[in-house]
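Take a look at the structure set out below.
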Amino acid sequence: VDNDKALAEMVAACLEQPVIALDTEFIRTDTFYPKPALLQIYDRRQVYLVDPLGIDDVEPLRTLFKSPSTIKVMHSCSEDMDVFSRLLGCYPRPLMDTQIAASIIGMDFSMSYQRLVESILDKQLDKAETRSDWLQRPLSEKQLAYAADDVLWLLDVHDHLTEQLNILGRESWMAEECEGLLLRAEQPIPFDQYYLKVKAAWRLDPKSLNTLRGLCAWREEVAREKNVPRSRVVSDAILLELSRQRPDNKPALSDISEMRHSTVRTQGDA
């Protein structure tokens, strides 16, 4: 699906179904924001591979995402929400995340899609193309097959998990967890709360922890403004050391282990 007409036809077909499988491929190696490369959709009749690079009018996708009569099934989709935010400015509702569902019925926590398909359907998936270049055109046959597999078995997994949720009486748990996932995407945490994501932050004393909070908020602003990964601005390890030592001039800043001279030069004053 690489033009507006084909997209509109696909959406019309998908809107006839009560449930569809959905996934994305994107590149985020050198940017803060993901670069959408592919959307995969399966409606039990056909797998669609949507090329966002060839689409001008994405309004039909917004209509599909917002349709209350079509459940969108995904697996471990928190990162995909960033793709939808950039590409469409909206999120798929109603949503079922099969990774969440698997944990609710008592399977392993944070199971990969590959393990879940193997466990439930006894099918093994090839994951060799996971880190390939999804922005290249044309995509290779292996890439296309890999992308299709990411949604082809998802509805069968959904059916099994839904049956188990019904047996256990945990459908409301599932709905609550998925709605919480969407709300977190719509209402991202404030910049001054990102320090809570830094591992080992709990080891800091109160004054150092407060310093880390300010540093993380500053890094978040810079990373988004420059559209570079957080680690490209400064790593967690360096922020932790800065918080402990609290240097007050550039030479002292340069003495921090692993601190890059280029960072001191360009970001030292900040």
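Keep in mind that what you see is a predicted model, and the values were worked out from it rather than measured.
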| request: Answer yes or no on whether R86 is positioned over the face of Y33, meaning its NZ or CZ is under 6.0 Å from the six-membered ring centre and within 45° of the axis. | output: yes
| query | For atom CD of Q193, is the number of surrounding heavy atoms from other residues, nucleotides or ligands below 6.0 Å larger than 12? | reply | yes
| Any donor-acceptor pair under 3.5 Å from R45 side chain to A13 backbone | yes
| query | After noting the C-alpha distance and the side-chain angles of I105 and E163, does the key distance pass the side-chain contact (heavy atoms from CB on, under 4.5 Å) rule? | reply | CA-CA 10 Å; I105 69 169; E163 180 182 359; over 6 Å; no
| field | Exam field: side chain T162 to backbone H158, donor-acceptor pair closer than 3.5 Å | value | yes
| note | Between R213 and N210 the two heavy atoms that sit nearest each other are NH2-OD1, 2.6 Å
| query | Which pair of heavy atoms, one from T70 and one from K72, lies closest together, and at what distance? | reply | O-NZ, 2.8 Å
| request: Run the ring-centre check on Y48 versus Y42 and record whether the distance is less than 6.0 Å. | output: no
| task | Go through the steps for L242 and I256 under the test side-chain contact (heavy atoms from CB on, under 4.5 Å), then give the verdict. | result | CA-CA 7 Å; L242 285 172; I256 298 292; 3.9 Å; yes
| field | Closest approach of S254 to V264 (non-hydrogen atoms, all atoms of both residues) | value | OG-CG1, 3.7 Å
| message | Is the distance between the ring centroids of W134 and Y146 under 6.0 Å? | response | yes
| query | Counting only N and O atoms by type, is there a donor-acceptor contact under 3.5 Å from the side chain of D43 to the main-chain atoms of Q46? | reply | yes
| said: When you compare the side chains of N227 and T31, does any donor N or O come within less than 3.5 Å of an acceptor on the partner? | reply: no
| said: If we count only N and O atoms by modelled type, under 3.5 Å, do the side chains of Q114 and E118 hold a donor and an acceptor together? | reply: no
| field | Shortest non-hydrogen contact between L239 and C216, atoms and distance | value | CD1-SG, 3.9 Å
| Hey, mind stepping through V19 and M96 against side-chain contact (heavy atoms from CB on, under 4.5 Å) and telling me if it holds? | CA-CA 10 Å; V19 59; M96 178 185 182; over 6 Å; no
| query | Which value, rounded to the nearest 0.5 Å, describes the distance between L38 atom CG and D2 atom CG? | reply | 11.0 Å
| query | In terms of hydrophobic clusters joined by side-chain contacts under 4.5 Å, are I120 and V117 together? | reply | yes
| task | Working to the nearest 0.5 Å, report the span between CG of L116 and NZ of K123. | result | 14.0 Å
| Does R28 pair with D82 as a salt bridge, N-O distance under 4.0 Å? | yes
| task | Run the salt-bridge test on D236 and K197 with the 4.0 Å N-O cut-off and return the result as yes or no. | result | no
| task | Kindly give the heavy-atom pair with the smallest separation between D97 and M174, and that separation in Å. | result | O-CE, 3.2 Å
| query | Does the pair V234 and W218 meet the rule for a side-chain contact (heavy atoms from CB on, under 4.5 Å), with working shown? | reply | CA-CA 10 Å; V234 63; W218 163 79; 4.0 Å; yes
| request: Give the minimum heavy-atom separation between K35 and D30, together with the two atoms involved. | output: NZ-OD1, 3.7 Å
| said: Between E221 and K226 (salt bridge meaning N to carboxylate O under 4.0 Å), is one present in this structure? | reply: no
| query | Is a side-chain donor-acceptor pair under 3.5 Å present for D205 with S208? | reply | yes
| said: Just by distance, no angles: are the side chains of Q143 and Q136 close enough, under 3.5 Å, to form a donor-acceptor pair? | reply: yes
| request: Answer yes or no: is there an ion pair linking R93 with E186, defined by an N-O contact shorter than 4.0 Å? | output: yes
| query | When you measure from the side chain of R246 to the backbone N and O of S243, does any donor-acceptor pair fall under 3.5 Å? | reply | yes
| From CG (L39) to CG (D51), nearest 0.5 Å | 10.0 Å
